[in-house]
Amino acid sequence: MTELNYKHLRYFWTVARVGTIAEAGRVLNLAPHSISAQLATFEAALGVSLFRRVGRRLALTEAGERILGHAEQIFALGDQIADIVRDDTLRRSLPFRIGFPDSMPKSVVHRLIEPALHVERPGRLVCREAPLAELLAELAVHRLDLVIADRPLPSDVSVRGYSTLLGESTLTVFAAPALAARLADGFPVSLDGAPFLLPGEDVAHRSALLQWFEQRRLRPSVVAEFDDSALMKAFGQSGAGAFVAPSSIADHVCRQYDVAALGEIAEVRSQIFAITTERRLSHPAMQAIRDQAAGSSESLSFAAVRPAAR
């Protein structure tokens, strides 16, 4: 091989980071068979096999591992070159791209990322909402700079990234005024048999909440499940059932949805993580988000729970 084909190297690098040709095709907006053909050409040119199949995923061979390390350095240098040649007199900077799953409370996300608008030369803030697996795939190929999620980077995904705990909060149970008046006495025992809106399976604190019900021998009547926290609150506002949200935003939830707080579940906590491909949160916007999480008593720390009207 007289010359390295950098397009082939990019295809190899993407497949190595997301784990499957199908997912790489989605990220690169290419047909999987096209990527397979290009990878075969690349392997033939190099004279080595780069992947081996493990179940439904592709794992790197020893040669692939060595080449991946160099590929990451090459593309990191490419990003640096883009920064160098950017004309500073135009006062433009690259957009700062943040992803978050729909299970994240939007008010928490807003309070966290709003300071990123006020850093020196912040650039355009781009917010992307999608399932966590899709967001992590885009983070792996640098289509996102940061993912804010309710769990750390899962150990079973082939994404090289780092998780930083930004904050945590207990949960509070809310209900529309008429339902809250019925359930206020004897909380949490009053939840037994009461209509309840359950967080969906993609919500990190769901399993801990179910365990809490089991330990308390409570059997609420689950009328619906929601991955989208805003939709769950809207149904709660209509009186469909009680629901939970982080205690840190209890006042906001009560005001925004005209509901009452029944009480706190101190044993169950909702956590927020920043997931990046960098070990340190070095970007100014990332630092602003981290500082907001550490310094704001309203955004992530524990908030007083207002008792329901009786």
Side-chain angles (χ1 to χ4, degrees), residues 1-30 32 34-54 57-88 92-99 121 123 126 128 133-147 152-164 273-287 290:
M1 184 179 66
T2 59
E3 185 173 283
L4 180 65
N5 188 314
Y6 285 90
K7 181 179 291 187
H8 292 168
L9 185 65
R10 173 72 71 172
Y11 295 164
F12 157 75
W13 179 69
T14 303
V15 173
R17 305 213 48 168
V18 301
T20 68
I21 289 176
E23 182 63 21
R26 192 197 65 76
V27 171
L28 295 170
N29 198 26
L30 292 172
S34 177
I35 295 178
S36 296
Q38 298 295 333
L39 281 179
T41 301
F42 191 43
E43 288 179 323
L46 294 174
V48 295
S49 295
L50 300 175
F51 296 98
R52 55 187 175 84
R53 186 165 292 279
V54 178
R57 303 184 68 83
L58 294 176
L60 290 167
T61 63
E62 182 178 353
E65 286 280 3
R66 294 175 63 185
I67 292 172
L68 177 62
H70 291 289
E72 290 181 334
Q73 294 180 38
I74 289 171
F75 293 125
L77 286 172
D79 291 340
Q80 292 179 26
I81 291 172
D83 290 340
I84 292 171
V85 301
R86 195 179 314 123
D87 187 353
D88 192 57
R92 283 191 245 166
S93 60
L94 291 175
F96 186 69
R97 299 155 299 185
I98 302 175
R121 296 198 177 184
V126 178
R128 171 100 162 84
E134 186 174 328
L135 295 174
L136 294 177
E138 296 195 14
L139 180 71
V141 295
H142 302 293
R143 288 190 173 182
L144 289 175
D145 301 297
L146 170 69
V147 171
L153 181 68
S155 58
D156 60 347
V157 299
S158 56
V159 176
R160 297 189 179 185
Y162 304 93
S163 301
T164 301
F273 291 85
I275 304 175
T276 67
T277 55
E278 300 179 13
R279 187 178 295 275
R280 299 179 60 191
L281 302 182
S282 56
H283 192 285
M286 292 185 186
Q287 290 180 338
R290 180 194 58 195

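For clarity, every value in this text was computed on a predicted model and none was experimentally measured.
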Sequence neighbours excluded - salt bridge (Lys or Arg N to Asp or Glu O under 4.0 Å) pairs with any residue from residues 59-68: Glu65-Arg160

Pairwise side-chain contact, Leu58 with Arg53, heavy-atom cut-off 4.5 Å (strictly under): yes

Which atom of Ile275 lies closest to which atom of Pro152, heavy atoms considered: CD1-C, 4.0 Å

Point-to-point distance, once rounded to the nearest 0.5 Å, from CZ of Arg143 to CD of Glu134: 10.5 Å

All salt bridge (charged side-chain N to carboxylate O under 4.0 Å, His left out) counterparts of Glu138, not counting sequence neighbours: Arg128

Any Phe51 side-chain heavy atom under 4.5 Å of Leu60 side chain: yes

Minimum side-chain heavy-atom gap Leu46-Ile67 below 4.5 Å: yes

Gap between atom NZ of Lys7 and atom CG of Leu28 - 0.5 Å precision: 11.0 Å

Check: Leu139 and Leu135 side chains under 4.5 Å, non-hydrogen atoms: no

Closest contact, heavy atoms only, Ile35 versus Ala24: CD1-C, 3.7 Å

Heavy-atom side-chain proximity of Arg17 to Thr277 below 4.5 angstrom: yes

Thr61 OG1 to Leu50 CG distance, which is reported to the nearest 0.5 Å: 5.5 Å

Check: His142 main-chain N/O paired with Arg97 side-chain donor or acceptor under 3.5 Å: yes

Arg52 to Val54 - nearest heavy-atom pair and separation: NH1-CG2, 3.3 Å

Side chain to side chain, Leu39 and Phe12, heavy atoms closer than 4.5 Å: yes

From CD (Gln73) to NE2 (His70), nearest 0.5 Å: 6.5 Å

Atom of Ile21, atom of Pro32 and distance for their closest heavy-atom approach: CG2-O, 3.4 Å

Nearest heavy atoms of Ala71 and Trp13, plus distance in Å: CB-CD1, 4.1 Å

Considering all heavy atoms, the nearest Leu146-Ala274 contact: CD1-CB, 3.7 Å

Within-4.5 Å side-chain heavy-atom neighbours: Leu9 and Tyr6: yes

